[in-house]
Student: 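Here it is, the structure, as structure tokens.
The analysis underlying the following values was restricted to heavy atoms, covering all of them including side chains, and did not include hydrogens, waters or symmetry mates. Because the structure is predicted, anything quoted here is derived from the model rather than measured.
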Amino acid sequence: MASVAQPKLRSRKHGAARPLDDLDKRLLNLMQGRFPIEPRPYERVAAMAGIDEREVLGRVQRLIDDRIIRQVTPIFDTRALGYSSMLVAAKVDPENPHRAAKVINAHPGVSHNYLRNHAFNIWFTIATEPDSKLGLEGTLEVLAREAGAESVRQLPTLKMFKIRMDLEMEGDTDALASQAEAVEPAEMDRQPYDELDIAVIRALQGDMPVVPEPYVPAARELGMPQAKLLEHLEAMRERRLLRRVAAILYHRRAGFSANGMGVWKVPEGQELEYGRRMAAFRGISHCYQRPTYRDWPYSVFTMAHGRSKQECDAILDAIEAETGVTERATLYSSTEFKKVRLLYFTDDYKRWEAEHAAV
């Protein structure tokens with residue numbers, strides 16, 4: 001069974017951007033896109049990059065050692081697996097937000113947790129298992145109480161327009177502020193799965209080895225031929241349980257030192273139209289419709305990633321110019337408390353509930 005995912009906190013020592021040559025940038029773009037589900041995936045990446053497999057393996061391992069690549073890993077679909085999840089904004093003691101962050105981070109379903117420049121100063125994403133006794137609401141009640149949160153705002157996803165954390169390594173600001181083709185909102189309903197799917201997820205989640213045949217260790221653990229595992233992974237992708245296999249980067253080390261959460265007040269009833277258009281911008285990694293409140297009129301959320309605050313602003317300004325929506329707020333993160341990929345079907349969730357609540 002996979003070990004508990006550990007948060008990797010920013011530090012001055014490991015936070016500075018590292019110099020990358022053109023081939024590194026090309027490889028990072030290719031590895032973020034969709035890592036092939038085939039026996040020798042690095043051979044395919046090498047063909048696309050115009051170099052040999054050995055050089056790709058060496059460069060990818062160096063990029064991992066240099067903390068440019070966080071991990072090469074399968075990305076499973078939380079909602080398709082039946083996990084309940086949402087974005088949460090919490091108002092905690094501004095003099096000591098680290099104490100609250102430590103409490104929140106202890107929950108195994110918290111994958112991202114940031115300090116942002118707003119009265120609601122802690123923003124985190126959380127997921128609970130399909131069979132959770134507390135459920136998402138009960139879990140948030142416990143976390144709010146233990147973290148000493150003055151107020152908690154629940155911001156579940158109503159529509160998902162985009163979720164694709166690819167950093168554009170080769171393009172400039174103009175490229176990030178340009179548009180691609182708009183897409184329809186993604187499906188978010190639960191999909192059926194069985195015990196074999198669960199076993200495959202347990203065997204593959206986490207860091208994949210940087211070797212010519214990286215799927216072989218999981219196939220051996222599962223006691224099946226590699227070809228059978230690859231066939232099953234493709235079927236899981238078609239069923240939306242698996243989004244893709246890809247390299248996940250350390251943003252700052254890759255040169256993207258800023259992320260701005262642009263939130264937009266769009267005309268009521270037109271969230272679908274505006275969400276589709278905003279999601280099309282290349283510099284936007286995530287775009288959602290979320291509920292509004294009396295003191296929070298922003299219904300469309302866009303995450304912009306740039307090499308500077310100015311580049312994030314340029315992306316959001318381009319959205320404003322194209323859509324004509326002028327009422328927005330931009331929340332920047334000042335501290336990354338936690339950022340991990342969720343691990344599914346572990347004992348950690350039930351252990352947390354047993355320790356933190358009488359269920």
Side-chain angles (χ1 to χ4, degrees), residues 1-5 33-41 44 71-86 107-112 125-139 156-157 159-160 162-165 183-209 211 213-248 340-354 359:
M1 184 176 296
S3 59
V4 177
R34 179 176 289 169
F35 190 65
I37 300 175
E38 55 187 62
R40 296 185 76 99
R44 175 65 64 88
Q71 60 185 165
V72 180
T73 185
I75 301 173
F76 297 102
D77 193 302
T78 302
R79 294 173 181 84
L81 292 171
Y83 282 65
S84 299
S85 64
M86 71 168 61
H107 190 278
V110 172
S111 57
H112 296 67
T125 56
I126 185 169
T128 55
E129 287 188 306
D131 60 351
S132 167
K133 293 181 179 179
L134 275 177
L136 197 51
E137 294 276 348
T139 299
T157 299
K159 285 188 176 67
M160 182 192 299
K162 186 179 186 181
I163 177 169
R164 182 83 179 192
M165 187 56 258
V183 296
E184 293 302 313
E187 295 181 39
M188 298 193 300
D189 52 322
R190 179 175 178 170
Q191 299 299 302
Y193 56 86
D194 58 23
E195 289 299 319
L196 178 56
D197 294 321
I198 294 174
V200 168
I201 291 170
R202 285 173 168 163
L204 260 182
Q205 65 185 346
D207 299 4
M208 291 177 62
V211 295
E213 296 184 296
Y215 297 102
V216 165
R220 287 175 179 160
E221 180 180 335
L222 292 161
M224 65 169 62
Q226 179 182 220
K228 183 70 173 177
L229 172 59
L230 298 178
E231 178 184 332
H232 192 84
L233 285 174
E234 280 293 355
M236 291 179 73
R237 187 177 62 81
E238 292 172 3
R239 290 183 286 138
R240 296 198 299 105
L241 300 176
L242 172 68
R243 297 215 309 268
R244 70 189 197 276
V245 182
I248 310 300
V340 299
R341 293 223 64 80
L342 289 181
L343 294 180
Y344 303 95
F345 306 112
T346 74
D347 294 330
D348 301 319
Y349 293 85
K350 292 180 177 60
R351 186 178 302 117
W352 185 92
E353 289 195 354
V359 295

Student: Could you report the tightest heavy-atom contact between P214 and F35, atom names first, then the distance?
Tutor: CG-CE2, 4.2 Å

Student: Only counting residues at least two apart or in another chain, list the ones meeting salt bridge (charged side-chain N to carboxylate O under 4.0 Å, His left out) with D194.
Tutor: none

Student: Quick one: does T128's side chain get under 4.5 Å of L134's, heavy atoms only?
Tutor: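 Not in contact.
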
Student: Ignoring hydrogens, what is the shortest heavy-atom contact between K159 and T157? Give both atom names and the distance.
Tutor: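 Residues K159 and T157, closest heavy atoms: O-CG2, 3.4 Å.
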
Student: So which atom in L81 and which in P130 form the shortest heavy-atom distance, rounded to 0.1 Å?
Tutor: O-CG, 3.6 Å

Student: With no hydrogens and no angle check, is any side-chain donor or acceptor of Y215 less than 3.5 Å from a backbone partner on Q226?
Tutor: no

Student: Would you name the heavy atoms of L233 and L242 that are closest together and state the gap between them?
Tutor: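 Between these two residues, the closest heavy atoms are O-CD2, 3.7 Å.
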
Student: Is the CZ atom of R237 crowded by more than 12 outside heavy atoms at less than 6.0 Å?
Tutor: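 Check passes, neighbour count above 12.
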
Student: Looking only at non-hydrogen atoms, find the nearest pair between D197 and M236 and report the distance.
Tutor: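 Scanning both residues completely, I find the closest heavy atoms to be OD1-CG, 3.6 Å.
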
Student: Using only atom types and a distance under 3.5 Å, with no angle test, would you say the side chain of R341 pairs donor to acceptor with the backbone of Q205?
Tutor: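 Absent.
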
Student: Tell me, please, which residues at least two apart from R220 pass salt bridge (charged side-chain N to carboxylate O under 4.0 Å, His left out).
Tutor: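 Result, salt bridge (charged side-chain N to carboxylate O under 4.0 Å, His left out) vs R220: none returned.
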
Student: Run the ring-ring contact (aromatic ring centres under 6.0 Å, His included) test against Y83 and tell me which residues pass, sequence neighbours left out.
Tutor: Y344, F345, Y349

Student: Work out which heavy atom in A199 is nearest to a heavy atom in L222; give both atom names and the distance.
Tutor: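 Looking at all heavy atoms of both residues, the closest pair is O-CD2, 3.5 Å.
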
Student: Rounded to the nearest 0.5 Å, how far does CG of L342 lie from CZ of F76?
Tutor: 12.0 Å

